[in-house]
A.B. asks: 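I'd like to ask you about the structure that follows.
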Amino acid sequence: MMRESSQETSHEGAILLRNFISGGVAGCCAKSVIAPLDRIKILLQARHKHFQNLGVWSSLNEVVMQEGYLALYKGNGAMMVRIFPYGAIQFVTYEWCKEKTQNKLLSGSLAGLAAVICTYPLDMIRARLAYQHIGERRYRGIIHTFRKIYYQEGQFKGLYRGVTPTLLGMIPYAGTAFYTYEMTKVFLLTRGPPMLSKPSPTEPGERVLIIPANLCVGGVAGAIAQTITYPLDVVRRIMQLGTMVPHASNYILQNLMTVYNEQGVRGLYRGLTINYLRAIPAAAVSFTVFEKMKQFLTVSFPSHFAHGS
């Protein structure tokens, strides 16, 4: 009995490791694909003085002309440091909660909350670095940014500035994204055209979506989730940037009212176009890479990862 229990525990640990690796790789791939659009989104959301009258494409051209192509990836080092554990924690938590609760919506929400709480300071640092324009050298890198925020803005309170609207937005966002993805995937596998799926390489008798179908399902999930939660995303970014943004407040409702009074409803959705351009491919790549990484690890290391959920 003890030996069987030990083997079961070891196997569960292997499955967690597989999901951790798959989730981390999925997150890095997704964010690398949309890194340039992510930076432009930050500049537009917080109305940087050099970009407040520009659109998405003109902002991209402005960054390239003024700072060069590599500037489109400014702050992406901090993003990669953050996104591997973020993606890993999110997918591990989701898979574990889904198995224990059988509730996809709740599991997605809990997965998003866990990932945000563990990695939020790195998101804060990334936003500060990405917001800087050429000639602005308030922050010189990840470590320097961390130290300045920690010592000048209230230590951990400063590093978690804006975390409340992030958490409030993550509950419907992650829950909706995971739920939509799972339900749409199940629908296509059970009722969709056979051409959209193929036999599973890891589970005999089961089928999995082909890559193009998986990308489409992930993109739809991301688009729906982003639409629901976007105003809170705007507030989160403003709170993260702090004194870099005029009239920024420490209170969610005050920031919402400030944006609404100055710009109307349109202001609460400023940058939504670019958010669609980044959220759809990011979700598509993230979900698809996670699925394919799980299959790859299970096939390549069957003694460790076979028969995982």
Side-chain angles (χ1 to χ4, degrees), residues 12 15-27 29-31 33 83 86-116 167 169-230 276 278-299 305 307-309:
E12 289 180 354
I15 296 302
L16 287 174
L17 177 61
R18 182 200 65 181
N19 292 339
F20 186 89
I21 295 171
S22 299
V25 172
C29 289
K31 285 297 183 181
V33 168
I83 204 61
Y86 181 95
I89 292 168
Q90 185 177 47
F91 278 103
V92 164
T93 304
Y94 175 73
E95 293 287 313
W96 187 85
C97 289
K98 183 177 68 171
E99 181 181 349
K100 300 298 183 183
T101 67
Q102 303 298 313
N103 187 315
K104 297 178 178 63
L105 188 63
L106 175 62
S107 299
S109 297
L110 292 175
L113 291 174
V116 166
L167 293 175
M170 186 54 64
I171 293 173
Y173 173 77
T176 301
F178 276 102
Y179 181 81
T180 303
Y181 173 76
E182 291 278 11
M183 298 308 293
T184 306
K185 182 177 71 171
V186 170
F187 176 82
L188 290 180
L189 288 173
T190 57
R191 301 184 183 181
M195 68 180 68
L196 296 181
S197 62
K198 63 181 182 179
S200 171
T202 60
E203 296 293 335
E206 298 291 331
R207 296 184 68 82
V208 295
L209 293 178
I210 61 175
I211 290 178
N214 218 130
L215 288 169
C216 290
V217 173
V220 169
I224 293 174
Q226 285 290 336
T227 302
I228 293 173
T229 63
Y230 192 76
Y276 282 139
R278 58 175 288 282
I280 293 174
V285 170
S286 180
F287 282 117
T288 302
V289 171
F290 178 71
E291 296 282 1
K292 298 308 173 184
M293 276 297 298
K294 284 203 306 180
Q295 294 171 16
F296 169 76
L297 291 174
T298 302
V299 171
F305 300 126
H307 309 299
S309 59

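Throughout, numbering of the chain's residues begins at 1 and tracks the sequence. Excluded from the calculations below are hydrogen atoms, water molecules and symmetry mates; all remaining heavy atoms, backbone and side chain alike, are included. Just so it is clear, the model here is predicted, and its values are computed rather than measured.
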A.B. asks: Taking only residues two or more places apart in sequence or in another chain, which ones pass ring-ring contact (aromatic ring centres under 6.0 Å, His included) with F178?
C.D. replies: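 Residues passing ring-ring contact (aromatic ring centres under 6.0 Å, His included) with F178: F91, Y94, F287.
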
A.B. asks: Find the distance between CD (E206) and CG (L189) and round it off to the nearest 0.5 Å.
C.D. replies: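 Reported value, rounded in 0.5 Å steps: 9.0 Å.
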
A.B. asks: State which residues pass salt bridge (charged side-chain N to carboxylate O under 4.0 Å, His left out) with K185; sequence neighbours excluded, sorted by chain then number.
C.D. replies: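 Listed in chain order: E182, E291.
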
A.B. asks: If I take atom NZ from residue K198 and atom CD1 from residue I211, how far apart are they, to the nearest 0.5 angstrom?
C.D. replies: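 One gets 6.0 Å once the value is rounded to the nearest 0.5 Å.
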
A.B. asks: Working to the nearest 0.5 Å, report the span between NZ of K31 and CD1 of I83.
C.D. replies: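 K31 NZ to I83 CD1: 5.0 Å, rounded to 0.5 Å.
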
A.B. asks: Check the pair I15 / F20 against side chain to side chain contact (heavy atoms under 4.5 Å, CB included), numbers first and verdict last.
C.D. replies: CA-CA 8 Å; I15 296 302; F20 186 89; over 6 Å; no

A.B. asks: Among residues at least two apart in sequence or on other chains, which ones pass side-chain contact (heavy atoms from CB on, under 4.5 Å) with A279?
C.D. replies: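 In terms of side-chain contact (heavy atoms from CB on, under 4.5 Å), with neighbours along the sequence ignored, A279 is linked to Q226.
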
A.B. asks: Output all residues satisfying side-chain contact (heavy atoms from CB on, under 4.5 Å) with P193, sequence neighbours left out; order by chain, then residue number.
C.D. replies: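 Here the qualifying residues are M195, L196.
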
A.B. asks: Can you see which heavy atom on L297 is nearest to which on S22, and at what distance?
C.D. replies: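 Scanning both residues, the minimum pair turns out to be CD1-OG, 3.6 Å.
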
A.B. asks: Is the closest side-chain heavy-atom distance between Y86 and Q90 below 4.5 Å?
C.D. replies: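 A side-chain contact exists here, since the closest heavy-atom pair is under 4.5 Å.
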
A.B. asks: Do Y276 and T227 have side chains that approach each other closer than 4.5 Å (heavy atoms only, starting at C-beta)?
C.D. replies: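 They are in contact (side-chain heavy atoms under 4.5 Å apart), so the answer is yes.
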
A.B. asks: Quick one: do K100 and E95 make a salt bridge, cutoff under 4.0 Å?
C.D. replies: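 Judged by the 4.0 Å cut-off on N to carboxylate O distance, K100 and E95 do not form a salt bridge.
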
A.B. asks: Working to the nearest 0.5 Å, report the span between OG1 of T288 and CG of N214.
C.D. replies: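 Going from OG1 on T288 over to CG on N214, the span is 4.0 Å.
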
A.B. asks: Of all heavy-atom pairs between S286 and A26, which one has the smallest distance, and what is that distance?
C.D. replies: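 What the structure gives for the nearest pair is O-CB, 3.3 Å.
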
A.B. asks: Counting only heavy atoms not in F296, do more than 12 fall under 6.0 Å of its CZ?
C.D. replies: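 For F296, atom CZ is not crowded (no more than 12 foreign heavy atoms under 6.0 Å).
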
A.B. asks: Please name the pair of heavy atoms, one in A221 and one in A177, separated by the smallest distance, quoted to 0.1 Å.
C.D. replies: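 For A221 versus A177, the nearest heavy atoms are CB-O, 3.4 Å.
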
A.B. asks: Identify the two heavy atoms, one from V92 and one from N19, that lie closest to each other, and give their separation to 0.1 Å.
C.D. replies: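 Looking at all heavy atoms of both residues, the closest pair is CG2-C, 3.7 Å.
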
A.B. asks: Taking all non-hydrogen atoms of both residues into account, name the closest pair between I280 and A223 and its distance.
C.D. replies: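 Between these two residues, the closest heavy atoms are CG1-CB, 3.7 Å.
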
A.B. asks: Do the side chains of V220 and I224 get nearer than 4.5 Å, heavy atoms only?
C.D. replies: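 Contact flag for I224/V220 side chains = yes.
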
A.B. asks: Identify, with sequence neighbours excluded, every residue that meets side-chain contact (heavy atoms from CB on, under 4.5 Å) alongside P201.
C.D. replies: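 In terms of side-chain contact (heavy atoms from CB on, under 4.5 Å), with neighbours along the sequence ignored, P201 is linked to V208, Q295, V299.
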
A.B. asks: Look only at the side chain of R207 and the backbone of S197, and say whether a donor-acceptor pair between them is shorter than 3.5 Å.
C.D. replies: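 Yes; at least one donor-acceptor contact below 3.5 Å.
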
A.B. asks: Can you give each donor-acceptor pair under 3.5 Å made by side-chain atoms of residues 106-116, sequence neighbours left out, with the distance rounded to 0.1 Å?
C.D. replies:
| from | atom 1 | to | atom 2 | distance (Å) |
| --- | --- | --- | --- | --- |
| S107 | OG | C97 | O | 3.4 |
| S107 | OG | K98 | N | 3.1 |
| S107 | OG | T101 | OG1 | 3.2 |
| S107 | OG | N103 | O | 2.6 |
| S109 | OG | L105 | O | 3.2 |
| S109 | OG | I171 | O | 2.8 |

